[in-house]
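All values below come from the heavy atoms of this structure, side chains included, with hydrogens, waters and symmetry mates left out. Protein chains get the first letters and strands the later ones, always in sequence-line order, with residue 1 at the start of each.
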Protein chains: 2
Amino acid sequence: MNTELSSVFQVATKQPRKKQEEDATGGALRADARRNRERLLAAAHAVFSERGADASLGDVAKRAEVGIGTLYRHFESREALLAATCDERLLLLARESRERSESLPTLEALRVFLAELVHCGGMYKGLAASLGIVLKNHTVGCDATTAEGERLLKAAQREGEVRSDVLLDDVVCMAMAISLAAAENGSDPKRIPRLTGMFFDGLRSRPEPRGARQR
Amino acid sequence: MNTELSSVFQVATKQPRKKQEEDATGGALRADARRNRERLLAAAHAVFSERGADASLGDVAKRAEVGIGTLYRHFESREALLAATCDERLLLLARESRERSESLPTLEALRVFLAELVHCGGMYKGLAASLGIVLKNHTVGCDATTAEGERLLKAAQREGEVRSDVLLDDVVCMAMAISLAAAENGSDPKRIPRLTGMFFDGLRSRPEPRGARQR
DNA sequence: ATTCAACCGGAGCAATCCTCCGCTTAGCAA
DNA sequence: TTGCTAAGCGGAGGATTGCTCCGGTTGAAT
């Protein structure tokens, strides 16, 4: 939680040794390095898919037919690797959300965004637990998703639809929780929409002062 | 994380070998066994307090001046040990809640219960991540807390104050999430009440039909 | 005092994480 | 082509930790 989801903040993501210019996609790498990076990503996706987000990194390296040292050189930590592995998906999430928000009311766009985030947390078993840390890795996808979330939230708040004191981290955290709950075995399938809905209602600005309504 | 908070359900808690009659408190144990059990609990509390809920169990045994085997004989898993360690606290939580609910409106009692649960999740660093599993251990305290939560929730639902489709697990899960968020370093102190409040608003029955309210 | 089920303890195996450093090679310049 | 060297490779190995197993010990009932 687990493993360690003890301290939930940090920054991470450091490319090979120096000169990473071309951002996290690995642009300025030597040919062999680039090839290995791609192999690692593919292997990671495969292994995480079938064994969960806390699979052995040794297995990932093995599957990529690469030394464990190589894995660690490319990805500083499990979270960095996870972030890189989810990158495309997150990028897509952000892009689609942006498009959607042009034809949807802000609040609705935010709701779908949240639902997608929850869904993303279920990408690999156990991913939800570290989604918070993962999103802090400055990957193209992570940054895009974070930015988009911030944008939607701020907009909804400007429109008076959402409590003004809520932070994006609050939202991310709740998305994690919901993903987590969804992963419980024996959990009924309606739980996700139920929790998402509840959370969303709580997010909204209060229409009436509230005190009223007895019993 | 999770360590490892991958699969979140299970039952656990099995006393020594057989004849545990007197429930989890360890009534029918041999004198030496009982003594060791108590030492382990004290040590566990100490170690978990200073190193977090995912501290090495070897350290716990060492601090208790007991073999690691003894630890595992008494507590089947880390979660069982955690549950036993939190037992008193949970028992108190349940008792106080019950008393409180006699002088408070149900909804308010439920709110305080939730807040207390969140607070309890912060008892040891990293405890929140496994609170769900921990509560599933059939300890006196766990059972009492679960029962009390169920009672309050059901009552609030009967009174029409809370959505009728919500389950206790949903509530526990959200409490975990909030505890978790509170543990982030750099997290502002107002986050807990904010999140608890939001969650609570979401929990409540909707007064209006739904569609209404524009903007 | 005798007996034995219950209990103790820690050696030891297995799984992981992550670092460290000697060897290899891509890619550039002459 | 050849030579050079920084960048990259890879895996041995130290350090943790989890958990099991079993020979030896002891409480307590008779």
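- Under the rule for a salt bridge (Lys or Arg N to Asp or Glu O under 4.0 Å), A:Glu102 has no partner lying at least two apart in sequence or in another chain.
- Partners of A:Cys86 by side chain to side chain contact (heavy atoms under 4.5 Å, CB included), not counting sequence neighbours, listed by chain and number: A:Leu90, A:Met123, A:Tyr124, A:Leu127.
- Each end of the helix from C:dA1-D:dT30 to C:dA30-D:dT1 gets its own rotation axis from five pairs of C1' atoms, and the angle between them is 0° to the nearest 10 degrees.
- In this structure, B:Thr139 contributes its side chain and B:Gly141 its backbone to no donor-acceptor pair below 3.5 Å.
- Sequence neighbours left out, not one pair with a member in residues 112-123 of chain A passes salt bridge (charged side-chain N to carboxylate O under 4.0 Å, His left out).
- Scored by the salt bridge (Lys or Arg N to Asp or Glu O under 4.0 Å) test, A:Arg95 finds no partners at all (sequence neighbours excluded).
- For B:Tyr72 and D:dC19, the OH to P distance is 4 Å, given to the nearest whole Å.
- In this structure, A:His74 reaches the D:dC9 phosphate: one of its side-chain N or O atoms is under 4.0 Å from OP1 or OP2.
- Closest approach of B:Ala94 and B:Thr145 over heavy atoms only: CB-N, 3.9 Å.
- When rounded to the nearest whole Å, the span between CG of A:Leu81 and C1' of C:dT16 equals 15 Å.
- Residues meeting the side chain to side chain contact (heavy atoms under 4.5 Å, CB included) test with B:Ala46, sequence neighbours left out: B:Arg63.
- Salt-bridge annotation for A:Arg37 and A:Asp32: absent, with no side-chain N of the basic residue lying under 4.0 Å from a carboxylate O of the acidic one.
- Looking at residues two or more places apart in sequence or on another chain, you find a salt bridge (Lys or Arg N to Asp or Glu O under 4.0 Å) between A:Arg98 and A:Glu148.
- The distance between atom CG of A:Asp54 and atom C1' of D:dT17, rounded to the nearest whole Å, is 15 Å.
- Nearest nucleotide to the side chain of A:Ala33, out of C:dG9, D:dC19, D:dG8: D:dG8.
- Listed pair A:Ser56 / C:dA15 fails the phosphate criterion, with no side-chain N or O lying under 4.0 Å from OP1 or OP2.
- Of all the residues in residues 58-67 of chain B, B:Val66, B:Gly67 reach under 4.0 Å from DNA chain C with at least one non-hydrogen atom.
- The side chain of B:Arg73 has C:dC8 as its nearest neighbour among C:dC8, D:dT20, C:dC17.
- For B:Ile68 and C:dC13, the CD1 to P distance is 17 Å, given to the nearest whole Å.
- Applying the salt bridge (Lys or Arg N to Asp or Glu O under 4.0 Å) test to A:Arg35 and every residue at least two apart in sequence or in another chain returns nothing.
- The phosphate of D:dC9 has OP1 or OP2 within less than 4.0 Å of a side-chain N or O from A:Asn36.
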Atom pairs, N/O to N/O, protein against nucleotides 24-30 of chain C, distance under 3.5 Å?
unit_1 : atom_1 : unit_2  : atom_2 : d
C:dA26 : O4'    : A:Arg30 : NE     : 3.4
C:dG27 : OP1    : A:Ala31 : N      : 2.8

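- Partners of A:Leu167 by side chain to side chain contact (heavy atoms under 4.5 Å, CB included), not counting sequence neighbours, listed by chain and number: A:Asp170, B:Asp188, B:Arg191, B:Arg194.
- Rounded to whole Å, the distance from CZ on A:Phe75 to P on D:dG10 is 14 Å.
- Partners of B:Glu108 according to the side chain to side chain contact (heavy atoms under 4.5 Å, CB included) rule, which considers only residues two or more places apart in sequence or in another chain, are B:Leu104, B:Pro105, B:Arg111.
- In this structure, B:Leu71 places its CG atom 13 Å from C1' of D:dT17, rounding to the nearest Å.
- What separates CG of A:Leu57 from P of C:dT19 is a distance of 12 Å, to the nearest Å.
- In this structure, CZ of A:Arg39 is placed 11 Å from P of D:dC9, rounded to the nearest angstrom.
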